[in-house]
Amino acid sequence: MKLRLNWIAGAALTALLLGGCSGQENEENSGKDDVPDRQDEQVEEKADNGGANEDMSEESAGENGESDKDKQVPAAAEPAEPLYELNEATWSFQPIGDADPKAALLTIDDAPDKHALEMAKTLKELEAPAIFFVNGHFIDTDEEKAVLKEIHEMGFPIGNHTMTHADLQQISEEAQREEILGVNEIVEQVTGEKPRYFRAPFGQNTDFSRRLAADEGMLLMNWTYGYDWEPKYQNGEALADIMLNTEYLNNGANLLMHDREWTAAALPKIVQGLRDKGFKLIDPASIKLPETAE
């Protein structure tokens with residue numbers, strides 16, 4: 001399926017039913033990335049005007065003998081005042097005050113499946129901040145919880161992407177509660193912190209999921225664009241090229257990527273390419289959160 005997400009503020013388009021993602025990957029059919037049926041035009045969510053086109057090795061010593069765990073993602077401490085706020089009309093980020101408008105946020109969904117830890121180490125080495133959105137079914141064993149803990153201890157915030165990657169619009173409110181709160185409980189148990197960001201599978205929110213995220217003090221976000229589920233971009237070179245040269249790479253872009261082999265391969269080029277184009281990578285700690293979470 002050919003997807004091109006273009007969130008245009010104020011567009012009022014017909015709500016589209018988003019397709020599932022099982023069986024669309026070449027990598028052991030892990031089938032958890034968020035794939036809607038279209039990306040060439042803005043998609044409205046059926047319930048909330050949201051929308052959607054949506055997922056180690058041993059520590060190595062550096063040149064100065066420091067281990068990976070000694071290195072930190074920049075801006076570990078939260079700034080006194082937030083620098084960016086979410087624009088829910090476009091799901092991009094706009095600067096607050098004098099913050100640099102030419103900025104982009106990196107996000108990794110469907111973690112931690114097979115490559116999230118590798119991707120976290122790459123980002124850490126590149127001093128590139130990002131949010132890892134996790135699914136509960138990837139953190140239900142001690143080994144998986146250890147991976148989650150390691151990613152968090154590197155300095156990366158953990159977002160909530162539901163327990164089973166269910167379409168929230170197709171399940172009851174009680175099931176939605178379990179999908180969302182179940183992840184919060186596990187993440188808090190493992191990391192000591194509850195998620196501060198929520199992203200619904202397929203970008204499909206409901207009135208209930210929006211209220212629950214707000215009650216939990218989580219910032220609800222979708223994304224601006226992503227491509228790594230499309231077969232033609234399931235190699236590192238092609239994916240890096242489209243992520244950097246798409247027409248949707250604009251100020252405040254919210255980049256969607258997934259825990260995938262080809263995405264892990266493309267990540268260094270994506271980070272460097274963004275910087276070469278003059279984009280600042282947004283530190284999640286500088287994003288304005290709901291009042292209840294501050």
Would you say [X]'s side chain and [Y]'s backbone share a donor-acceptor pair under 3.5 angstrom?
X    : Y    : value
D283 : S286 : no
T206 : L168 : no
Y197 : P157 : no
Q169 : N205 : yes
K277 : Q272 : no
T246 : I242 : no
Q234 : W229 : yes
E179 : T164 : yes
D259 : P112 : no

Presence of salt bridge, [Y] and [X], under 4.0 angstrom:
X    : Y    : result
E261 : K114 : no
E125 : K121 : no
R210 : E88  : yes

Quick one: does [X]'s side chain get under 4.5 Å of [Y]'s, heavy atoms only?
X    : Y    : answer
I96  : L83  : no
L117 : E150 : yes
F138 : V134 : no
R211 : E173 : yes
D100 : F279 : no
L86  : L219 : yes
L106 : L123 : yes
R199 : T107 : yes

Let me confirm one number: the [atom1]-[atom2] distance from [X] to [Y], rounded to the nearest 0.5 Å.
X    : Y    : atom1 : atom2 : value
N160 : N135 : CG    : CG    : 9.0 Å
L105 : I131 : CG    : CD1   : 5.0 Å
M221 : S92  : CE    : OG    : 11.5 Å
M163 : E185 : CE    : CD    : 8.5 Å
D167 : T162 : CG    : OG1   : 10.0 Å
E216 : R196 : CD    : CZ    : 13.0 Å

Exercise. Please work out which of the three classes, parallel, tilted or perpendicular, describes the rings of Y248 and Y225, given edges at 30° and 60°.
Key: tilted

Exercise. Starting from the C-alpha separation in whole Å, work towards a yes-or-no answer on side chain to side chain contact (heavy atoms under 4.5 Å, CB included) for F93 and I282.
Key: CA-CA 9 Å; F93 289 91; I282 295 175; 3.8 Å; yes

Exercise. Check step by step if side chain to side chain contact (heavy atoms under 4.5 Å, CB included) holds for V183 and H161.
Key: CA-CA 8 Å; V183 171; H161 198 40; over 6 Å; no

Where is the tightest heavy-atom contact between [X] and [Y], given as atom of each residue plus distance?
X    : Y    : value
T224 : W91  : OG1-O, 3.7 Å
F156 : K124 : CZ-N, 3.7 Å
P268 : A264 : CD-O, 3.6 Å
A166 : P201 : O-CG, 3.4 Å
M257 : M243 : CG-CE, 3.8 Å
L220 : A213 : CD1-CB, 4.4 Å

Heavy atoms of other groups near [X] [atom1], more than 12 under 6.0 Å:
X    : atom1 : answer
E237 : CD    : no
K145 : NZ    : yes
N245 : CG    : yes
D276 : CG    : yes

Quiz prompt | Distance-only side-chain donor-acceptor flag, T263 / D228, under 3.5 Å | solution =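 Present: a donor and an acceptor within the cut-off.
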
Practice problem: Verify whether the ring centers belonging to F202 and H165 lie closer than 6.0 Å. | Solution: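 Aromatic pair counts; centres sit under 6.0 Å.
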
Quiz item: Does the pair E153 and T191 meet the rule for a side chain to side chain contact (heavy atoms under 4.5 Å, CB included), with working shown?
Solution: CA-CA 8 Å; E153 288 179 346; T191 70; over 6 Å; no

Practice problem: Test N254 against L256 for side chain to side chain contact (heavy atoms under 4.5 Å, CB included), laying out the working first. | Solution: CA-CA 7 Å; N254 188 342; L256 172 65; over 6 Å; no

